[in-house]
Amino acid sequence: MDIKNIKKEFPIFSQKINGKPLVYLDSANSSQKPKLVIDKISNFYETEFSNVGRSVHTLAVKATNRFEATRDKVQKYLNAKHREEIIFTKSATESINLVASSFGKKHINKGDEILITELEHHSNYVPWHYLRSEKGAIIKFAPVNEDGDVEINSIKNLITDKTKIIAITHISNVTGAILPITKIVDLAKEQNIPVLIDGTQGAPHCNIDMQKIDCDFYAISCHKMYGPNGLGILYMKKKWVDDLPPYQGGGGMINEVKKEDITFAEENTKFEAGTMQTAEVVSFAESLNFIEKLGINNIASHENEILEYGLEKLRKNNSIKIIGNPKSRGSVLCFTLKDIHPHDIATILDEDGVAIRAGHHCCQILHDKLGINATARASIGVYNDKEDIDKLSDAIKNCQKVFQI
Amino acid sequence: MDIKNIKKEFPIFSQKINGKPLVYLDSANSSQKPKLVIDKISNFYETEFSNVGRSVHTLAVKATNRFEATRDKVQKYLNAKHREEIIFTKSATESINLVASSFGKKHINKGDEILITELEHHSNYVPWHYLRSEKGAIIKFAPVNEDGDVEINSIKNLITDKTKIIAITHISNVTGAILPITKIVDLAKEQNIPVLIDGTQGAPHCNIDMQKIDCDFYAISCHKMYGPNGLGILYMKKKWVDDLPPYQGGGGMINEVKKEDITFAEENTKFEAGTMQTAEVVSFAESLNFIEKLGINNIASHENEILEYGLEKLRKNNSIKIIGNPKSRGSVLCFTLKDIHPHDIATILDEDGVAIRAGHHCCQILHDKLGINATARASIGVYNDKEDIDKLSDAIKNCQKVFQI
Amino acid sequence: MELKELYQEIILDHGKNPRNKGKCEGFTNDAKAHNPLCGDKVHIYLKLNKDKQIENLSFEGEGCAISLASASILTETVKGKDLSFIKKISEDFIKMIKNKTKITINSLTADQITTIASLSGVQEFPMRVKCATMAWHTLLSAIEKK
Amino acid sequence: MELKELYQEIILDHGKNPRNKGKCEGFTNDAKAHNPLCGDKVHIYLKLNKDKQIENLSFEGEGCAISLASASILTETVKGKDLSFIKKISEDFIKMIKNKTKITINSLTADQITTIASLSGVQEFPMRVKCATMAWHTLLSAIEKK
Ligand SMILES: Cc1ncc(COP(=O)(O)O)c(C=O)c1O
Ligand SMILES: Cc1ncc(COP(=O)(O)O)c(C=O)c1O
């Protein structure tokens with residue numbers, strides 16, 4: 001497989017949008033899926049489907065083995081120390097809710113501080129807000145600077161002996177800033193504060209090594225990693241797997257159930273209640289195969305090349321203002337266009353087959369700080385090329401024409 | 001489509017298991033998927049995939065429309081009064097957890113009583129157990145009688161002025177008992193007690209009319225309804241949609257997000273945090289199409305016919321003991337075999353291509369009551385026929401041969 | 001081309017130079033709304049006199065051309081009208097956007113009808129419907145509030 | 001046929017007539033385990049003497065033929081042996097089931113090895129591995145407990 005030629009692995013690109021070839025620049029929202037992944041889903045349902053972990057018949061054994069083999073694969077991919085550190089969830093959102101709920105129940109009390117940043121996606125704020133309302137915890141926001149970065153010092157300054165957890169994004173889905181997560185983890189470790197990283201944008205773009213990063217929790221959405229809908233991953237350090245109480249209750253996560261009391265299963269099992277997303281998990285193994293075949297570092301440098309080209313091209317248009325100027329940037333390019341609202345841009349771009357997103361991208365705090373209520377966002381995936389950027393740039397010019405500016 | 005000939009709509013049946021045709025009698029665990037449903041998933045990913053409700057480009061519009069059209073379809077199928085009463089979840093387990101958490105937060109206090117039955121699946125006990133441990137609530141268990149039924153009086157007797165919610169299964173996944181849910185709801189309404197029905201086994205077998213049943217909550221797992229993995233439904237009466245606080249926090253479920261406070265979206269939206277399972281939802285529309293084409297009543301009477309045939313046939317074998325003798329029975333047939341443990345049965349049956357489940361089926365309370373630690377369960381789906389039962393019966397005899405009994 | 005229908009001259013004009021923007025003096029009723037998905041906001045102020053006529057009204061808002069134009073056109077259309085007219089026109093407007101029906105109110109001038117109808121192109125852009133209807137829903141809640 | 005390998009005469013015999021069932025007198029150590037997925041249970045009792053030999057041991061349990069046979073064979077194999085032997089045989093046994101390795105302990109008779117090896121058919125039935133290994137894991141925890 002060759003990155004330059006990778007579009008053809010994605011069936012969606014044989015679609016025409018309004019008669020034009022699809023220019024998909026909305027991967028930070030959700031990525032498209034390679035044929036291998038899609039085919040794995042059908043193939044699994046057609047030949048091996050069964051519920052996992054519950055029955056002993058051949059189909060159940062096959063499904064269970066594939067399911068658990070994917071856990072092994074994820075463990076290896078993330079270089080996690082133990083397979084039990086890999087927990088399957090519904091989404092990164094659920095992963096973070098799980099941590100906030102289980103960690104919060106046991107370790108957050110009135111007056112305790114939760115440290116997040118102004119960059120956070122609502123998924124990494126609302127679950128902590130619940131602890132604020134229910135437990136009287138305090139949320140502190142590390143400020144974002146003019147470049148759209150969060151500096152390590154601004155985190156350091158907010159740590160007190162009341163800080164119980166730090167929850168930060170790996171890559172901002174608006175400014176594109178790649179945060180210095182390893183340094184932040186090191187800083188937190190000095191004070192024995194656990195760190196949750198919202199890796200929703202980080203995992204599709206960076207080489208993730210859990211033993212190197214050494215954070216306590218890392219949340220992933222598989223649908224942004226060329227994988228299926230409805231599946232997330234939570235990496236949870238063994239120490240917390242053993243320590244934290246379970247999250248949802250139901251089949252599969254129990255040890256012994258009596259009328260008076262219930263004891264719970266151990267390891268990842270206690271966090272995986274009810275029938276799991278077997279087909280999704282099984283097909284996600286193919287997404288990892290896809291990423292591994294190309295190499296995540298190659299994907300990142302390809303995306304960086306397209307991004308740089310995009311920044312350069314868009315900067316030439318004086319009406320465009322690019323949001324953020326972080327030291328190091330993920331595959332996200334947010335911008336505004338003079339006198340044209342992002343929603344209008346998105347609608348007009350779509351006429352040219354160019355798919356971008358407009359709005360606050362679930363980051364209202366950040367948009368308040370920026371003093372705007374919406375931005376337009378082009379985000380890059382492995383399948384984008386310079387031609388896509390050219391079309392974006394032309395389509396923006398067409399916007400200006402429609403608006404007679 | 002003709003029920004007698006329906007196996008051919010399910011690709012899984014072209015598999016051989018240990019060289020034998022697959023006899024799938026594990027549908028209460030999870031049902032197989034018709035080709036239409038599987039194809040819809042691939043087709044959606046190949047031609048229309050995008051995240052829903054967030055972007056305004058063509059793919060996002062198509063995906064959002066299909067997603068919301070499925071909500072309408074579910075509403076119609078369940079005859080719910082309002083479309084906002086349909087909430088998409090990960091599973092029936094999540095549906096029940098959502099209610100226990102949101103309802104519990106607002107309406108359960110120390111000493112309050114939650115009334116469930118001895119028949120409940122762990123999914124309809126563990127979430128309430130959490131409220132017991134956290135809030136000091138009390139769980140009462142309506143007893144199951146000798147036939148494996150729960151009588152309406154045994155529920156009536158346990159209602160007190162402390163009873164805050166009644167949570168009962170529609171169909172037992174062990175004894176097969178179909179509970180008189182409408183009567184139970186009527187009874188509860190006299191005292192103004194909300195009722196949650198665990199419809200995981202009910203929805204695939206019964207005609208469900210929310211306005212007739214008039215319960216407050218009804219939980220469904222789509223994977224047991226010839227639908228995809230990783231998708232559940234929660235029917236929630238409008239009154240509670242308006243009243244209850246949100247569950248998980250994240251993107252999509254907010255109204256306004258400020259540093260000091262957060263307000264939440266209205267209606268179903270507040271319960272649907274993070275990126276939803278678009279492909280799963282979209283393909284579930286095809287599962288409902290499939291069920292509607294055959295007619296749920298035809299499915300039920302077909303399944304009843306196979307079940308009756310199975311009961312009759314198995315009763316002829318003196319070593320078999322059938323569990324439960326309920327007045328009215330869903331498509332579940334649990335049994336034990338003299339001197340052979342259910343696990344051994346399941347393994348030996350599998351050699352003949354017969355897939356059943358063995359264990360406590362996530363109903364430890366019930367198995368304690370029955371005084372056994374495991375049963376074997378054959379459960380019937382739309383694709384089963386009398387020949388499957390004959391093969392089951394022969395395979396059981398083979399078990400006895402292997403065990404030289 | 002549908003896009004041209006959506007971004008007609010009238011809409012661009014109202015979007016760029018919205019009429020009655022700001023907070024009108026002596027308002028008796030107001031209501032605000034917010035689209036959490038995109039961040040658009042609108043706040044409507046109105047002064048009802050004792051004959052239940054809208055003596056004055058205005059709006060504050062942030063949003064796309066469609067939402068600003070819709071609010072602006074709204075203020076021009078209902079100023080000086082009474083409550084029953086306002087209910088009728090608001091409902092007609094929302095129906096027009098959602099079900100592609102025509103506005104048929106005798107007391108409107110042909111010009112006014114053309115102006116309002118310029119927003120009907122939104123039908124073809126389902127994700128934008130809320131942009132066009134938000135102000136009108138908000139007007140109705142402002143009236144209901146006291 | 002693999003099934004015949006799984007349900008060999010020896011296993012059926014031990015499954016039907018498990019040896020050393022019950023609670024042995026004067027036990028010094030015990031541990032229990034439970035497979036939450038299927039409900040199988042085992043409880044191992046053992047009496048360690050001052051030379052750290054297992055003077056006596058027994059088990060209580062409910063479960064399938066494989067799990068009962070495994071526990072029964074276990075009790076026959078380790079009775080009278082010392083702790084280092086027990087650790088070695090338990091680990092070897094678990095390896096045999098998981099990795100298809102052979103048992104190679106000199107102090108075992110050929111008969112004993114044949115008996116233990118009769119359980120190796122479980123390899124082909126991954127969902128049953130836990131049935132075969134549970135008793136051996138439990139023995140190890142009984143020994144570690146005081
Ligand atoms: C930074 C960040 N965090 C969290 C999320 C939430 O991911 P999901 O909706 O898949 O749970 C997103 C995706 O929108 C994101 O970009
Ligand atoms: C009666 C009953 N309730 C709840 C569940 C849980 O369903 P799920 O695992 O799909 O959440 C099941 C399925 O096993 C069931 O049979």
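Naming convention: chains lettered A, B, ... in sequence-line order (proteins, then strands); numbering from 1 in each chain.
- Salt bridge status for C:D82 with C:K52: absent, with no side-chain N to carboxylate O gap under 4.0 Å.
- Of all residues in residues 92-104 of chain C, none places a non-hydrogen atom less than 4.5 angstrom from a non-hydrogen atom of chain A.
- Under a 3.5 Å cut-off, the side chain of A:E120 and the backbone N or O of A:Y125 do not form any donor-acceptor pair.
- Note on residues 129-142 of chain C: pairs passing side chain to side chain donor-acceptor pair (under 3.5 Å), not counting sequence neighbours, are C:S70-C:W136.
- Between A:H361 and A:H367, the angle of the ring planes lies from 30° to 60°, which puts this pair in the tilted group.
- Within the 4.5 angstrom heavy-atom criterion, only side-chain atoms of C:L12, from C-beta onward, approach chain A.
- Between A:H360 and A:H122, the ring planes are tilted. Angles from 30° to 60° get that label.
- Between A:S31 and A:Y383, the side chains place no donor N or O within less than 3.5 Å of an acceptor N or O (distance only, hydrogens not considered).
- C:S118 places no side-chain N or O within 3.5 Å of a backbone atom of C:I11 that could act as its donor or acceptor partner.
- The residue among C:E9, C:M127, C:K41 with the most heavy atom pairs within less than 4.5 Å of chain A is C:E9.
- Interface summary for chain A: among C:C131, C:A65, C:S67, the most heavy-atom pairs under 4.5 angstrom belong to C:A65.
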